[in-house]
Each structure stands twice: as C-alpha cells, then as structure tokens.
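Below is one structure, written out as structure tokens, with a few remarks after it.
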Amino acid sequence: MSSSVKLDPLFDLDVVQDPYDYYRQLRETDPVHEVPGTGTYLVTRADLIYDIVARPEIFSSDTGVFLHKGEWAQPGLRAPVSGEVPQGRGVLATADPPDHGRQRKIVSRKLSTSNMLAMEPEFRELVEAELAAAQPDEAFEWMSRVAEPLPMVMVARILGLPDNLAPVLKEAGYNSVERISGFVSEARIRQFDREMPLNMADLVAAYGRARQDPSAYAGSMIGMAAQAVADGALDDEEAFGIFGI
C-alpha cells in the first residue's frame, strides 16, 4: 500500500474517543464512505444500513478479516488469528443465510425465553449474594463486584462450565474484542496468540468430552452444540464459532 494514501480521520485517536461529529459529517455528506487505501466502505446512515442487512445475497456478512491499523503506516485488512487464511469462516457471527439461521436455531434452544426464565432465580441469587456481602458502612464498587464478574459467571453456567472458569472466559472475551479493535500492537497480538490456547483449554476439553458423550453436558450450550454436531446439524468449526473460539 502506498505511503502517500491519506489516513482516514476514522483512525485519529481523538475521533476514536469521540466519533460523533465525524459520523454526523459522514451521514450528511458521504453516507457510503470509502476508507482510503483499504477497499472497504463505512456506511453511516440507518436507512442504508437496514437496506444492506436485508439483502445478504448482495451484501455478505461472511468475512474472515477486519480493518486494522495498529502500528502499520496505513490501515488494511487483517485476519483475526495470526497465520489464518483471510476467508469467511461461516460461523454464527459472520454467517449468511441459510447457514446463519441453521446455527442460530441451535443457540436459540438454550437461549429461549423459557430457559432464561428458568435460570433467572440463580442469576438473581448471584447478585443478591454479592450485595449481602457488603458491609453497611463500606463503599460498594459496582463494576468490580457485580457488573464485570457476574455476567461471565452466568455465561459459564449457560455453557455448562463451572463458575471458577468465569475469570478466564472473561479475559478471553476481552482479548478477542481488543484484538479486532483495529489498534492493537504487534506485541499485544503475539501475547494473544500465546494466551488463547491456555484461556480456551478448559472449554475445548469440555467440548471434547461432550462430543464423546453429549449427555454429560445435557441442557447446556456445550451439550446442545455437541449433540447438534452428532446429529449433523452443525460441524465442529461451527460449534466453536458459537462458543466464540
């Protein structure tokens, strides 16, 4: 990529921190904005976004790359995993119909309204237990005691994993989001490469056991995905995509 390509304001750190004026300008003057030198477009107007989402036969979600700047002189496209061939994975978050609907059907079995209502008492119990542990005369730090740790405990239970794996799952999730932020250094990406197998080891092991015996995780997302693979409704890559691997 030529070094003469003008860097889009999208990558200006001031715009990253407060993008609203720039997005407003794009909506008014350039709603389908080509990001220079990348071959990608930023669509900022709601009616156009709805139109794109409604036409997956033309505008595909199936991609294995994301827009990255990091330490590069110019932005470009990068695969989310080092050494990965930049192509669509066809997993839940980026799958087009009909694959998206087929995969979503498996997820919906666990995340149905009835299942979530059945789990609501234990979720409430988690929050109430943390609140009850607070002393009347002490400050209560909501983010560190409730908002950050407890949702991932709930996610671990939905997956079918023990509560003590929640911190590892949270770190893996944060790392995944940071990695595709577009501003990660090469050293940080290498750190993610080292840590990802460790962070995901227990989940991968649980899925392996479920593939041998789905009844071992019956009623959990891991068990349902493993059973769907056994039934031919999913493949292993799609199952891992559901778990966020």
Side-chain angles (χ1 to χ4, degrees), residues 1-104 107-108 143 147-148 151 170 172-193 196 237-238 241-242 244-245:
M1 184 180 298
S2 172
S3 59
S4 64
V5 174
K6 183 179 179 181
L7 190 64
D8 195 290
L10 184 67
F11 300 96
D12 188 299
L13 292 181
D14 289 336
V15 173
V16 172
Q17 292 296 320
D18 185 7
Y20 302 107
D21 287 341
Y22 182 52
Y23 286 173
R24 185 180 303 108
Q25 174 188 337
L26 291 179
R27 285 196 303 272
E28 294 172 353
T29 64
D30 188 13
V32 182
H33 171 68
E34 183 175 7
V35 181
T38 66
T40 62
Y41 293 82
L42 175 63
V43 180
T44 56
R45 224 171 61 200
D47 62 318
L48 297 176
I49 294 171
Y50 291 144
D51 184 50
I52 288 170
V53 172
R55 295 195 285 169
E57 71 281 0
I58 298 175
F59 302 103
S60 175
S61 296
D62 192 358
T63 180
V65 294
F66 64 97
L67 197 58
H68 181 78
K69 172 63 172 63
E71 298 167 332
W72 297 352
Q74 297 290 339
L77 297 177
R78 183 174 201 152
V81 178
S82 298
E84 182 178 275
V85 177
Q87 61 185 9
R89 295 179 62 195
V91 297
L92 182 63
T94 59
D96 289 327
D99 290 333
H100 178 80
R102 173 175 52 80
Q103 296 174 37
R104 184 175 178 177
V107 175
S108 297
M143 290 300 296
E148 287 191 359
K170 185 183 79 169
Y174 282 6
N175 287 354
S176 296
V177 172
E178 183 181 348
R179 182 167 197 148
I180 62 173
S181 68
F183 293 92
V184 187
S185 68
E186 299 301 316
R188 185 73 167 143
I189 288 175
R190 288 193 294 272
Q191 180 183 350
F192 293 154
D193 288 341
M196 184 174 68
E237 182 180 10
E238 290 170 334
I242 287 171
I245 298 178

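Computed from heavy atoms alone, side chains included, the values below leave out hydrogens, waters and symmetry copies.
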Check: [Y] and [X] side chains under 4.5 Å, non-hydrogen atoms:
{"X": "Pro36", "Y": "Lys6", "result": "no"}
{"X": "Phe192", "Y": "Val184", "result": "yes"}
{"X": "Val15", "Y": "Tyr23", "result": "no"}
{"X": "Glu237", "Y": "Val91", "result": "yes"}

Check: [X] side chain, [Y] main-chain N or O, donor-acceptor pair, under 3.5 Å:
{"X": "Glu34", "Y": "Gly39", "answer": "no"}
{"X": "Gln103", "Y": "Leu92", "answer": "yes"}
{"X": "Asp96", "Y": "Ser61", "answer": "yes"}
{"X": "Lys69", "Y": "Trp72", "answer": "yes"}

Working to the nearest 0.5 angstrom, can you tell me the gap between [X] [atom1] and [Y] [atom2]?
{"X": "Ile58", "Y": "Ile52", "atom1": "CD1", "atom2": "CD1", "value": "10.0 Å"}
{"X": "Glu148", "Y": "Met143", "atom1": "CD", "atom2": "CE", "value": "4.5 Å"}
{"X": "Phe66", "Y": "Ile180", "atom1": "CZ", "atom2": "CD1", "value": "7.0 Å"}
{"X": "His100", "Y": "Asp62", "atom1": "NE2", "atom2": "CG", "value": "12.0 Å"}

- prompt: Cut-off 3.5 Å, side chains only: do Tyr22 and Asp14 have a donor facing an acceptor?
  reply: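 Per modelled atom types, Tyr22 and Asp14 side chains form no pair under 3.5 Å.
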
- prompt: Does the distance from a Lys or Arg side-chain N to an Asp or Glu carboxylate O, for Asp193 and Arg190, drop under 4.0 Å?
  reply: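 Between Arg190 and Asp193 there is no salt bridge, as every charged N stays at least 4.0 Å from the carboxylate O atoms.
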
message: Any carboxylate oxygen within less than 4.0 angstrom of a Lys/Arg side-chain nitrogen, looking at Arg104 and Glu238?
response: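 Answer for the salt bridge query: no.
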
